[in-house]
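Read through the structure below, which is laid out as structure tokens, and then see the notes.
Each chain gets a letter, A, B and so on, in the order its sequence line appears, and its residues count up from 1.
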2 protein chains.
Amino acid sequence: MTRKPCPGTLVSMSERPTPTLREEDFLRLDGQICFALNSASRAFNGLYRVVLKDLGLTYPQYLVMLVLWEHGTTPVKEIGTHLRLDSGTLSPLIKRLEVAGLVHRERSTEDERSVHVGLTEAGTALRARAVEVPRRIAAATGFELAEIRDLQTRLHRLTAALDAAVPQA
Amino acid sequence: MTRKPCPGTLVSMSERPTPTLREEDFLRLDGQICFALNSASRAFNGLYRVVLKDLGLTYPQYLVMLVLWEHGTTPVKEIGTHLRLDSGTLSPLIKRLEVAGLVHRERSTEDERSVHVGLTEAGTALRARAVEVPRRIAAATGFELAEIRDLQTRLHRLTAALDAAVPQA
DNA sequence: CACAATTAAGTTGTGCACAACTCAATGACC
DNA sequence: GGTCATTGAGTTGTGCACAACTTAATTGTG
């Protein structure tokens, strides 16, 4: 009942060379490279959820705070460039950070289209408590630093390749 | 104005050995290992969105279809085990697949708590068109097969480690 | 200068992820 | 056999991601 043998009725496969894999296997492989990434990302998210609970931050909010701690007051647009996010995601997120009293927004005087996001005192103070977060995360992975670096490099290459492959982006 | 030099006023760092990295660097490193993963995952998602548009599927819906194509009729619970998702996510998602006419749901007779999800004819037929998806994705990454495999292995290890680190999960 | 194209932020709507919950069916134990 | 804990599906509420849109400011070009 469970293992239904795949019916041979597939699309034409007369054209391609297909070195070692057939159509069948491909559908499985696929369910893994993208899926492995997806799973790992969500697993990370779950861990961050626990670790960041004390700080009252979600993971994406934490990312925005990281940008601000590193670069200081930053226009929304630039935060988006750093994080690969658009205003549709950032506007409400930053609004929540504002309600939480961690950041303030101010429209630029030179260019009134732009809004600068800066840290409040509470936001600045939170950094001290956030410093221990990365260590806890890194410890949880159980990975060597070198391996993390390596993984990082590959992922960057992958992201770049994928971005390049998407038309409009 | 842009590069604010980090003020030295941080938390105590007298205890730990810290081989090569200081607190400062850690906060940056962090913003990358997790973030690299997050970015790659979202980049993948963006590519899938384009590729799957023809099929009228989102990426998570595609994952569910993959499970069904591979295993045939499957209880919701088991789909969740395969995909690392709970009923809170799956119930509405599967309902949308049902509305689209790709799957049907039927309450089990042996155990009336359980709901079996099976493919309709349209759902089965869609497989033929989905077969080309993995190739297009793989091509877009520009990665060698071996490298994909390697990355996959590392990500699985990472996910396992992260899951183990989260208390309740 | 005027006017079209571009740009930045924000809004709206859809779908996913997940916590916390309800409800009904099942299983375990006395 | 009756009671209670557990299990599977589903609902509700919050937040994120992103497409498509609106609005206002800026820039480019005739």
Side-chain angles (χ1 to χ4, degrees), chain A residues 34-35 38-50 52-53 56-64 74-81 83-100 105-117 163 166-169, chain B residues 34-35 38-50 52-53 56-64 74-81 83-100 105-117 163 166-169:
Chain A
C34 54
F35 178 58
N38 191 312
S39 282
S41 177
R42 273 162 45 218
F44 248 125
N45 222 302
L47 181 56
Y48 271 102
R49 187 170 299 120
V50 175
L52 291 175
K53 199 171 201 173
L57 293 175
T58 65
Y59 175 58
Q61 288 168 9
Y62 170 71
L63 291 180
V64 170
T74 308
V76 173
K77 174 70 179 180
E78 201 180 315
I79 297 178
T81 307
L83 300 183
R84 230 176 144 282
L85 290 170
D86 67 358
S87 67
T89 301
L90 288 175
S91 286
L93 190 158
I94 292 172
K95 195 173 291 178
R96 282 186 283 270
L97 288 178
E98 193 177 28
V99 169
R105 276 184 299 179
E106 199 177 346
R107 209 156 266 281
S108 167
T109 49
E110 308 122 30
D111 185 343
E112 299 226 344
R113 291 171 304 180
S114 177
V115 168
H116 294 309
V117 183
D163 276 344
V166 177
Q168 31 62 292
Chain B
C34 54
F35 177 60
N38 191 311
S39 281
S41 177
R42 274 162 46 222
F44 248 124
N45 222 302
L47 181 56
Y48 271 103
R49 187 170 299 117
V50 175
L52 292 174
K53 199 171 203 173
L57 294 175
T58 66
Y59 175 58
Q61 288 167 9
Y62 170 70
L63 291 180
V64 170
T74 309
V76 173
K77 175 71 178 178
E78 199 180 315
I79 296 178
T81 308
L83 300 183
R84 235 177 141 280
L85 291 169
D86 67 358
S87 68
T89 300
L90 287 176
S91 285
L93 188 158
I94 292 172
K95 195 173 292 179
R96 279 185 284 271
L97 288 178
E98 193 177 28
V99 169
R105 276 185 299 180
E106 198 176 345
R107 209 157 267 279
S108 167
T109 49
E110 308 121 31
D111 185 342
E112 297 227 345
R113 292 171 302 180
S114 178
V115 168
H116 294 309
V117 183
D163 275 345
V166 176
Q168 32 60 292

Check: Who pairs with B/Ser91 by side chain to side chain contact (heavy atoms under 4.5 Å, CB included), at least two apart in sequence or on another chain?
Finding: B/Ser87
Margin query: B/Pro92: which residues meet the side chain to side chain contact (heavy atoms under 4.5 Å, CB included) condition with it, sequence neighbours left out?
Written below: B/Arg96
Notebook entry, point to check: Listed by chain and number, what are the side chain to side chain contact (heavy atoms under 4.5 Å, CB included) partners of A/Glu112, not counting sequence neighbours?
Noted result: none
Next item on the list: Figure out the CG/P separation between B/Leu97 and C/dG15, and round it to whole Å.
Entry: 11 Å
Give every pair of a protein N or O atom and an N or O atom of nucleotides 9-14 of chain C that lie under 3.5 Å apart, one pair per line with the distance.
| from | atom 1 | to | atom 2 | distance (Å) |
| --- | --- | --- | --- | --- |
| C/dA9 | OP1 | A/Val76 | N | 3.3 |
| C/dA9 | OP1 | A/Lys77 | N | 3.4 |
| C/dA9 | OP1 | A/Val115 | N | 3.1 |
| C/dA9 | OP2 | A/Lys77 | N | 2.6 |
| C/dG10 | OP1 | A/Arg105 | NH1 | 2.8 |
| C/dG10 | OP2 | A/Ser91 | OG | 3.1 |
| C/dG10 | N7 | A/Ser87 | OG | 2.6 |
| C/dT11 | OP2 | A/Lys95 | NZ | 3.0 |

Note to self: Measure CG/B/Asp163 against C1'/C/dC18 and give the value in whole Å, please.
What the structure shows: 14 Å
Checklist line | Distance, rounded to the nearest Å, where B/Arg42 contributes CZ and C/dA17 contributes C1' | finding: 15 Å
Margin query: In whole Å, I'd like the distance from the CZ atom of B/Arg84 to the P atom of C/dC18.
Written below: 7 Å
Next item on the list: Have a look at A/Asn45 and say if it touches a base, only the backbone sugar-phosphate, or nothing, with a 4.0 Å heavy-atom cut-off.
Entry: nothing
Checklist line | Partners meeting side chain to side chain contact (heavy atoms under 4.5 Å, CB included) with B/Arg107 (sequence neighbours left out) | finding: B/Val115
Next item on the list: Please name the pair of heavy atoms, one in B/Ser41 and one in A/Asn38, separated by the smallest distance, quoted to 0.1 Å.
Entry: OG-CA, 4.0 Å
Checklist line | Gap between atoms CD and P, on A/Glu110 and D/dA25 respectively (whole Å) | finding: 16 Å
Item checked: Residues in ring pair (Phe, Tyr, Trp, His ring centres under 6.0 Å) contact with B/Phe35, at least two apart in sequence or another chain -> none
Check: Between C/dA17 atom P and A/Leu47 atom CG, what is the distance in whole Å?
Finding: 18 Å
Next item on the list: Give the rounded distance in Å between these two atoms: CZ of A/Arg49 and P of C/dA20.
Entry: 10 Å
Next item on the list: Take the protein atom NZ of B/Lys53 and the nucleotide atom C1' of C/dG15, then report the distance between them rounded to whole Å.
Entry: 15 Å
